[in-house]
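Accompanying notes for the structure given below.
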Amino acid sequence: MAIQFYNTLTKKKEEFAPQEKGVVRMYNCGPTVYSYPHIGNFRAFVFADVLRRYLEYRGFDVKQVMNITDVGHITHDADEGEDKMELQAKKEKRDPWQIAAHYGGIFLDLRKQLGFADALAHPKATDHIPEMLAMIEKLIEKGHAYVVGHNVYYSVASFPNYGKLSGNITEDLEAGARIEPHPDKKDPRDFALWKHDPHHVMQWDSPWGKGFPGWHIECSAMSMKYLGETLDIHTGGEDNIFPHHECEIAQSEAANGKLFCKMWMHARFLLVDGQKMSKSLGNFYTVEDVFKHGVTAPALRWGLATSHYRQQMNFSWESMQVAQGSVDKLIEFRRRLSDAHGAATLELVKPIVEKARKDFERGMDDDLNVSEATAALFTLAREVNRLDPNPQAAAFVRDAFDKLDTVFNIGSALPDVFTPEEQRLLDARAAARASKNWDDSDRLRKELEAKGVLVEDSPRGQRPRRARK
RNA sequence: GCGCGGAUGCCAGAGAGGCUCAAUGGCUCGGUCCGCAAAACCGAAGUGCAGUGGUUCGAAUCCACUUCCGCGCUCCA
């Protein structure tokens, strides 16, 4: 069966077929690094990572680029209000460059902690000013942009397809009464490509004077630089659909005369207690907050990844606990496979594995139906546990499971490590058990538990593992 | 106003005409194993797919209307 994804552009599921056989060019809208990323941000990023990993699982060479926006977002309109970077800089009494470096670093570190596959590049807007200027000049040449004073605007009227992604048309927007006439703009829908503002801290020279790039141009310029004029997949949060992605299409297609992207995929918002996460409601959690609650990185990953990306997901601490339980269960399954001593043969186990693989792929092929895919993993675990495989059969299952887990990547193959002190206590407990000294044995187990090491006894001796906390 | 998406068992959450009188986790109860604990496994319980009407031999699944909820419409992943 072919891989199908829901395309925001066509509003239906479509068979996925990249331009170049076996290669996927994917651009993910990344964070604006003005503050700590929250788990809602990470839902979109985890979605992008799982998508990338599944495509790799399916044998594609995925060229993935995720930008880091470190300039240019303005709090209100493309013309007024304060740049968020600069606002935060004032709060922290630092300059915007420091803010960008600081939070950008945190973002990359969290990616690592959450087990993200490395992207081909994480281009920063500030490193690509020349590319943006070149694109703006091209747009002016082609008559899609115009200069007013030291500012440059994109002329929406020059691009008839404007609105094809979001379905927004001018009249509707006006009905929403959000568009106000602007003295410099020929059309209220027009948006800034280059802005002049003497108060702005981050400034660059341009043919139109000192200024800074507009809100959308970075993604057009950078995706073209790293991935070419036509992308196979472009992802982002649902809020990016309009105006951000609509404007990207307008800029890129006007500049290059080519389709900008074939497949648009958007992750829906993460809600908290049924409402959108927002600072004013106080239901705003950073990744760190979640870790502080004792949720492990794999569990957060799992929790964010295993509800369908096009479905609003309701975050709760209970849902995190459920995710933790699921992850622990699968990790435990993986552990047992390394320690198998049952009787079931390879022949018995093979059809179970085959079925799991088939079900897993059928689910993921269908627009990343993660519920079906994870159900296959749990069924695999239960059926294999029931059979109790011999070492050879277990090794076969283990290899298959590890392959499947490259998609959700809960890190189940990572061994537990114990400190010398913990190892000493474990040895002592093993000795106590050998002489049936249950009092010492139980005492040592408690001691180990306090250190975060859980010990389970089996007919073949004790089995220690690190508590997932 | 315009445009999306949703309402499934105690909870989370799949299923999009018959193979599903509802996958998979969790929860509860009983059991196997077992020094204890844990894990694993086995079994049981519970409900009937928001409501109404329709299409059909047959509907969570299609159509219509109703009710409720969330999101977008230049801050946002």
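Values reported hereafter were calculated over all heavy atoms of this structure, with side chains retained and with hydrogens, waters and symmetry mates removed. Convention: sequence-line order gives letters A, B, ...; per-chain numbering from 1. In this text, all values refer to a predicted model and were calculated from it rather than measured experimentally.
No hydrogens or angles considered: nothing links the side chains of A/His245 and A/His216 as a donor-acceptor pair under 3.5 Å.
Look at the C1' atom in both B/rA7 and B/rU52: the space between them is 15 Å, to the nearest Å. B/rU47 and B/rU28: their C1' atoms are spaced 15 Å apart (whole Å). Distance check on atom C1': B/rA23 versus B/rA14 gives 6 Å, rounded to whole Å. Look at the C1' atom in both B/rA64 and B/rU56: the space between them is 16 Å, to the nearest Å. To the nearest whole angstrom, the two C1' atoms, one in B/rC19 and one in B/rG30, are 32 Å apart. Between the P atoms of B/rG53 and B/rC11, the separation comes to 26 Å (whole Å).
Heavy-atom nearest nucleotides on RNA chain B were determined for A/Ser307 and for A/Arg310, and the one closer to the 5' end corresponds to A/Arg310. Between A/Ser441 and A/Gln311, the residue anchored closer to the 5' end of RNA chain B is A/Gln311, taking for each the nucleotide with the nearest heavy atom.
Rounded to an integer number of Å, the gap from A/Asn240 CG to B/rC73 C1' is 14 Å. Straight-line distance from the CE atom of A/Met313 to the C1' atom of B/rG6: 16 Å, rounded to whole Å. Taking atom CD of residue A/Glu238 and atom P of nucleotide B/rA77, one finds them 12 Å apart after rounding to whole Å. A/Gln324 has its CD atom 13 Å from the P atom of B/rC27, to the nearest Å. Rounded to a whole Å, the CZ atom of A/Phe269 is 8 Å from the P atom of B/rC73. The nearest whole Å value for the distance from the CH2 atom in A/Trp264 to the P atom in B/rA77 is 16 Å. When rounded to the nearest whole Å, the span between NE2 of A/His308 and P of B/rU8 equals 17 Å. In this structure, A/Leu270 places its CG atom 16 Å from C1' of B/rG5, rounding to the nearest Å.
Contact record, A/Ala157 with A/Asp190: N-OD1, 4.4 Å, taken as the closest heavy-atom pair. The shortest heavy-atom contact between A/Asp367 and A/His308 is O-CE1, 2.8 Å.
Picking from B/rA77, B/rU74, B/rG13 the nucleotide with the shortest atom distance to the side chain of A/Phe242 gives B/rU74. Closest to the A/Arg433 side chain, of the nucleotides B/rA23, B/rA77, B/rG35, is B/rG35. Residue A/Asn369 has its side chain nearest to B/rG15 when only B/rC76, B/rC11, B/rG15 are considered. In the set B/rG25, B/rC76, B/rG35, B/rG35 carries the atom at the smallest distance from any side-chain atom of A/Trp438. For A/Ala375, the listed nucleotide lying nearest its side chain is B/rA23; candidates were B/rG70, B/rA23, B/rG35.
Contacts of A/Ser319 with the nucleic acid, taken as non-hydrogen atoms under 4.0 Å apart, are absent. Note on A/Gly40: a base of the nucleic acid sits closer than 4.0 angstrom, heavy atoms only. Here A/His38 lies in heavy-atom contact (under 4.0 Å) with a base. No contact: A/Ile241 has no heavy atom under 4.0 Å from any strand. At a threshold of 4.0 angstrom between heavy atoms, the contacts of A/Gln321 with the nucleic acid are absent.
With A/Thr379 contributing its side chain and A/Ala375 its backbone, the two residues share a donor-acceptor pair below 3.5 Å. A/Glu248 places no side-chain N or O within 3.5 Å of a backbone atom of A/Ser220 that could act as its donor or acceptor partner. Counting only distance, with no hydrogens or angles, the side chain of A/Arg310 and the backbone of A/Met265 share no donor-acceptor pair below 3.5 Å. The closest donor-acceptor contact from the side chain of A/Asn28 to the backbone of A/Met66 lies at 3.5 Å or more, if one exists at all. Side chain of A/Gln113 to backbone of A/Ala297: no donor-acceptor contact under 3.5 angstrom is found.
A stem is defined here as three or more consecutive Watson-Crick or G-U pairs, each with both distances under 3.5 Å; for RNA chain B these stems are B:1-7 with B:67-73, B:10-12 with B:24-26, B:28-32 with B:40-44, B:50-54 with B:62-66.
The residues A/Glu449 and A/Lys446 are annotated as not salt-bridged, no charged nitrogen and carboxylate oxygen being separated by less than 4.0 angstrom.
The salt bridge (Lys or Arg N to Asp or Glu O under 4.0 Å) test with A/Asp339 is passed by exactly one of A/Arg465, A/Arg334, A/Arg460: A/Arg460. Each of A/Leu304, A/Ile39, A/Thr296 was evaluated against A/Val290; a single residue qualifies, A/Ile39, per the side chain to side chain contact (heavy atoms under 4.5 Å, CB included) test.
For A/Asn314, no side-chain nitrogen or oxygen approaches OP1 or OP2 of B/rG70 to under 4.0 Å. Applying the 4.0 Å criterion to OP1 and OP2 of B/rC76, one finds that A/Trp215 has a side-chain N or O inside that range.
By the rule that a glycosidic angle within 90° of 0 means syn, B/rA39 does not qualify and counts as anti.
Within the cation-pi definition used here (under 6.0 Å to the ring centroid, within 45° of the axis), A/Arg301 qualifies as a partner of A/Phe116.
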Requested in this report: Scan nucleotides 37-42 of chain B nucleotide by nucleotide, 5' to 3', and note B when protein non-hydrogen atoms come under 4.0 Å of the base, S if they reach only the sugar-phosphate, - if neither.
Outcome: BBSSSS
